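For ligands, and for the atoms within them, numbers begin at 1 and follow the listed sequence. The structure displayed is predicted, hence computed values, not measured ones. In what follows, every heavy atom counts, from backbone to side chain, and hydrogens, waters and symmetry copies are set aside.
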Amino acid sequence: MTDIELLCSKAEADCAPAFERILKVYRANTEKVMDAFAECKVSENLFAGTAGYGYDDRGRDTLDLLYAKVMGTEDALVRHHFMNGSHAIATALYALLRPGDLLLAATGDPYDTLMPVILGDNCGSLKELGVGYSMIPLEGEDHPGRVEKAVRELSPAAVLIQRSRGYASRPALSPDYINDLCDRIHSIKPGCRVIVDNCYGEFTQTVEPYRADLICGSLIKNPGGGLAPNGGYVAGRKECVELAAYRLGVPGSGREVGSNPFGYRLYYQGLFAAPQAVSEALKTSVFAARVLELAGFEPSPDYDAECYDIIRAINFGSPEPMLAFIRGIQSGAPVDSFVTPEPWDMPGYDDPVVMAAGAFVQGASIELSADGPMRPPYTAFLQGGLTYESGRLGIIRALKEILKDR
Ligand SMILES: *Cc1c(COP(=O)(O)O)cnc(C)c1O
């Protein structure tokens, strides 16, 4: 066996206990999803496309109900009309905030694409509408205590919590931790709305942060199961979901309108496939963490740690090994394996971003992908992998590409 093969078989053996935990979560989530499908009496007639206003679109309305059951919330709004996850989160923010209100970001500055929504100039940002902004870092002592203090002192109308690490060197948060934060915030200020950016977190555990007023995510990540071609969701308390529908559509008609000529099959099938897709992605991620650690790099979180999102950060320290890793992941993709990723100025991001994404759905990061902003400490964020075997192969190709440069 070659050195790389030896490294991989050792890594895989070490991963056995983590794989066992992932399987348990996969089973529990499959049961949850199957129960929801049964309760919603999903049948083929719900998959058909609709046209025009989309009044009484049963495929659309049942999909909402299905998501609400799976997320453990009162209600949900699942739409291909959400352009991406950022749009779903921004819709939640605009839906729940009014001029003179304060938004508190409780887990550090939110994801890069949301900063212009909150603080941008000449773009209709929340700031321009008269919404204030304050932020508490996640790092440091007694984070829940600091959030409580800020809610008491600043009396925010809404608090934004990000579950996943995003492009930051912070840990992902467990649903239990977020649910506890929601309870603390609501007990200090009952009317305060908690919005959770749930991107990358869905189905990594057996519950979602359902005690938030709204949780939001992208359908080309976890809950779309690699099949949904676009879209986003918001789920949560009925009145908050209603307000989000008025914001996505218009006040008055809200969710009563909105057709989908292409039909809903892939959104239903994607949700069905999501627990498996997430489990394959998690296994790929755990394997990558162990093998890269054995090769001398420092992935975070550790391969044996509990997973609260599907992201693995790998610190490369300089541009070259990071670019080699990204090139290797690209070469292991089913689509565009022959292209060489280059850093580019992606809309909504401050620094050039380099991205390996050879996906069937453009930019779908539930498919094996790796990306990161080209800024110190040159951290690549790895996520996805619809099948463990293809994910594993991608990681091995990336490892070969890095070790070639050494
Ligand atoms: C992906 C992501 C978003 C939304 O990104 P889109 O590219 O707009 O779908 C928001 N927050 C986090 C933490 C994310 O990972």
With only distance considered, is Ser164 within less than 3.5 Å of ligand 1 through an N or O on each side? no

I need the contact type for Cys199 against ligand 1. Using non-hydrogen atoms and a strict under-4.0 Å cut-off, is it side chain, backbone, both or neither? side chain

Please work out whether any backbone atom (N, CA, C, O) or any side-chain heavy atom from C-beta onward of Ile89 is under 4.0 Å from ligand 1, and answer side chain, backbone, both or neither. side chain

Could you tell me whether Lys221 and Glu202 make a salt bridge, using a distance below 4.0 angstrom between a side-chain N and a carboxylate O? no

Test side chain to side chain contact (heavy atoms under 4.5 Å, CB included), reference Val194, set Ile185, Ile215, Leu181, output is Ile185

Return yes if some donor-acceptor pair links the side-chain N/O of Thr62 with the main-chain N/O of Arg58 below 3.5 Å, else return no. yes

Pairing of Arg255 and Asp61 as salt bridge, 4.0 angstrom limit: no

Would Tyr111 count as a polar contact of ligand 1, with the cut-off being nitrogen or oxygen pairs under 3.5 Å? no

So which heavy atom in the protein is nearest atom 2 (C) of ligand 1, and how far is it from that ligand atom? Lys221 NZ, 2.3 Å

Ion pair present between Glu12 and Arg392, side-chain N to carboxylate O less than 4.0 angstrom? yes

Protein heavy atom at shortest distance from atom 11 (N) of ligand 1: Asp197 OD2, 2.5 Å

Sorted by chain and residue number, the side-chain contact (heavy atoms from CB on, under 4.5 Å) partners of Arg211 (sequence neighbours excluded) come out as Asn179, Cys182, Asp183

With respect to Gly85, determine whether any N or O atom, backbone or side chain, lies less than 3.5 Å from an N or O atom of ligand 1. yes

For ligand 1, note which part of Gln162 has a heavy atom under 4.0 Å away: side chain, backbone, both or neither. side chain

Do any nitrogen or oxygen atoms of His87 lie less than 3.5 angstrom from nitrogen or oxygen atoms of ligand 1? no

